[in-house]
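Written below as structure tokens is the structure these notes are about.
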Number of protein chains: 2
Amino acid sequence: MSQDSRAKSPAESAQGAALETILQQWKRERPDLDPSPMAVCGALRRANDRVRTAVEGNAAKGGLDGAGFDVLLTLRRQGRGQTLTPSELAGEMMLSTSAMTNRLDRLEKRGLIERRSDPKDRRSLKIALTEDGFTLADRLVTSHLAAEEQMLAPLDTAEREDLKRLLAKVGA
Amino acid sequence: MSQDSRAKSPAESAQGAALETILQQWKRERPDLDPSPMAVCGALRRANDRVRTAVEGNAAKGGLDGAGFDVLLTLRRQGRGQTLTPSELAGEMMLSTSAMTNRLDRLEKRGLIERRSDPKDRRSLKIALTEDGFTLADRLVTSHLAAEEQMLAPLDTAEREDLKRLLAKVGA
DNA sequence: ATCAAATAGTTCGATATCAAATTATCTTAT
DNA sequence: ATAAGATAATTTGATATCGAACTATTTGAT
């Protein structure tokens with residue numbers, strides 16, 4: 001009777017089908033299966049999506065997408081004047097080196113990073129933040145942490161520790 | 001002295017820089033900031049990545065990518081013979097309708113779904129699983145749940161409930 | 001010393017995504 | 001009844017990604 005799973009609130013459509021609905025559908029279609037892992041993995045995915053959206057919103061304030069933002073912050077946290085090679089950057093952020101070439105091209109055009117040739121190995125490059133890049137990274141990391149803190153605001157310190165501990169066990 | 005944060009184990013490079021290292025770098029570079037939200041959000045992202053990799057690995061066993069897999073399972077859980085329009089599918093999985101057109105093209109070429117014209121509204125389409133699509137979805141959902149269950153194996157029932165509750169609070 | 005193999009970065013070809021424009025059809029206001 | 005606007009799906013154009021091929025160097029084996 002109350003199986004009007006077609007009803008869709010605006011809130012739901014903004015984030016896809018409700019997890020509750022999905023679970024009920026599977027219980028009906030495949031009563032031989034236990035769909036409960038979907039509830040946990042679905043909650044994980046939704047939470048990650050919410051955080052990602054918030055983080056990308058912050059990056060956009062600096063005119064960056066998530067990709068460029070990651071590069072800038074990875075370089076910034078190495079320390080002033082420190083460099084990484086394109087390969088190291090790709091490794092740190094689980095990206096192909098060809099995608100990294102593309103990201104670096106864009107950041108270089110915007111004057112946020114520069115490619116320096118390595119005198120020790122002429123195949124290699126040192127990627128460094130420019131002054132502008134350093135400044136922008138320093139500004140964005142502050143608001144980035146504020147945005148993340150806001151996402152975590154409903155959790156107290158103990159809950160955050162619990163969450164970290166439990167997340168570390170997923171797929172361990 | 002012991003700031004040899006350049007050391008990189010093979011295990012780390014497979015999943016990017018170690019979270020611990022990242023936190024230490026920020027403490028050194030920006031002692032004015034509290035980087036602890038990064039630890040939680042980073043753990044969230046890593047856990048989600050591990051689950052996504054496992055889930056895509058399962059989809060690949062059916063010759064599908066994550067995209068096609070999602071479409072197939074979304075249709076399957078509606079029930080045998082049930083249909084959704086391309087717009088509804090796009091809405092359920094937070095995707096543009098143009099991306100959905102593309103996904104449906106591929107699945108149709110493989111004979112897993114079919115587009116039926118809607119006699120009630122000739123602008124609209126009903127997307128239905130073929131017999132092959134239904135069979136494949138039924139096979140894949142079983143191994144999909146097994147793969148998710150394996151990712152959650154280190155967590156007991158109470159921990160899974162805790163994790164769901166905590167994840168729901170993130171960004172709430 | 002020399003040449004084969006490994007490595008760093010880029011380029012190329014294919015694919016997936018999105019937003020905007022397009023086509024066809026339906027709904028609504030008059 | 002009809003025209004204006006809304007809606008469904010697709011096409012188009014731009015961009016980002018990956019894996020493979022490519023170029024330039026360096027390393028290592030003999």
Side-chain angles (χ1 to χ4, degrees), chain A residues 6 8 10 13-14 16 49 52-53 56-57 59-60 63-72 74-75 83-110 112-128, chain B residues 6 8 10 13-14 16 49 52-53 56-57 59-60 63-72 74-75 83-110 112-128:
Chain A
R6 285 118 213 106
K8 216 168 295 173
S13 60
D49 282 350
R52 191 172 41 73
T53 300
E56 285 177 357
L64 294 171
D65 55 9
F69 176 80
D70 277 354
V71 175
L72 233 61
T74 299
L75 285 167
T83 60
L84 289 175
T85 67
S87 300
E88 285 167 342
L89 280 166
E92 290 243 347
M93 49 195 69
M94 294 178 284
L95 204 66
S96 68
T97 59
S98 50
M100 187 53 64
T101 295
N102 186 13
R103 289 189 184 190
L104 294 175
D105 283 349
R106 271 173 284 147
L107 293 170
E108 193 176 37
K109 273 193 196 101
R110 286 199 46 192
L112 298 173
I113 60 115
E114 54 182 37
R115 289 170 157 105
R116 299 177 185 162
S117 56
D118 180 351
K120 301 279 182 61
D121 183 342
R122 284 155 58 197
R123 291 170 305 184
S124 189
L125 294 175
K126 306 279 201 186
I127 308 299
Chain B
R6 285 119 213 105
K8 215 169 296 172
S13 61
D49 282 350
R52 190 171 42 72
T53 300
E56 285 177 356
L64 293 170
D65 55 11
F69 176 79
D70 278 354
V71 174
L72 233 61
T74 299
L75 286 167
T83 59
L84 289 176
T85 67
S87 300
E88 285 167 341
L89 279 166
E92 289 244 347
M93 50 194 69
M94 295 178 281
L95 204 66
S96 68
T97 60
S98 50
M100 187 53 63
T101 295
N102 186 14
R103 289 189 185 191
L104 294 175
D105 284 349
R106 271 172 284 147
L107 293 170
E108 193 176 36
K109 273 194 195 102
R110 285 199 46 192
L112 299 173
I113 61 118
E114 53 182 37
R115 289 169 157 103
R116 299 178 185 160
S117 56
D118 180 353
K120 300 278 181 61
D121 184 341
R122 285 158 56 201
R123 293 169 303 183
S124 190
L125 295 175
K126 306 278 200 187
I127 307 299

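Numbers restart at 1 for each chain; the letters A, B, ... are given by sequence-line order, proteins then strands.
Of all non-hydrogen atoms in B:Asp70 and B:Thr74, the two that sit nearest each other are O-OG1, 2.7 Å.
With hydrogens and angles left out, the side-chain atoms of A:Ser96 and A:Ser98 include a donor and acceptor closer than 3.5 Å.
In summary, contact between chain B and DNA chain C, defined as any nucleotide atom under 4.0 Å from a heavy atom of the protein, begins and ends at C:dA16 to C:dC26 in the 5' to 3' direction.
One can place CG of A:Leu125 at 12 Å from P of D:dT25, the figure rounded to the nearest angstrom. For B:Ile113 and D:dA9, the CD1 to C1' distance is 13 Å, given to the nearest whole Å. Regarding B:Arg116, its CZ atom lies at a distance of 18 Å from the C1' atom of D:dA9, rounded to whole Å. Rounded to whole Å, atom P of D:dA8 lies 15 Å from atom CG of B:Leu104.
When each of A:Arg122 and A:Met100 is assigned the nucleotide of DNA chain D bearing its nearest heavy atom, the one mapping closer to the 5' terminus is A:Met100. Along DNA chain D, the nucleotide closest to B:Ser124 and the one closest to A:Arg106 are compared, and the more 5′ of them pairs with B:Ser124.
Of the candidates D:dA16, D:dC18, D:dT11, D:dC18 carries the atom nearest the A:Leu95 side chain, counting heavy atoms from C-beta on. Relative to the side chain of A:Asp121, the nucleotides D:dA9, D:dG19, D:dT26 differ in distance, and D:dT26 lies closest.
Nucleotide D:dT23 forms a Watson-Crick or G-U wobble pair with C:dA8, both donor-acceptor distances falling under 3.5 Å.
A:Thr97 comes within contact range of at least one nucleobase, with a heavy-atom separation under 4.0 Å. B:Asn102 comes within 4.0 angstrom of a nucleotide base, judged by non-hydrogen atoms across all strands.
For the side chain to side chain contact (heavy atoms under 4.5 Å, CB included) test with B:Leu104, the passing option among B:Ile127, B:Leu112, B:Leu125 is B:Ile127; the others fail.
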Q: Please assess B:Leu75 against B:Leu89 for the test side-chain contact (heavy atoms from CB on, under 4.5 Å), listing each intermediate value before the final yes or no.
A: CA-CA 8 Å; B:Leu75 286 167; B:Leu89 279 166; 4.2 Å; yes
N/O-N/O pairs, protein side and nucleotides 3-7 of chain D side, under 3.5 Å:
residue : atom : partner  : partner atom : Å
D:dT7   : O2   : B:Arg123 : NH1          : 2.8

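By the 4.0 Å N-to-carboxylate-O rule, A:Arg103 lies too far from A:Asp65 to be salt-bridged with it. With respect to A:Arg115 and A:Asp105, a salt bridge is recorded, a charged nitrogen being found less than 4.0 Å from a carboxylate O.
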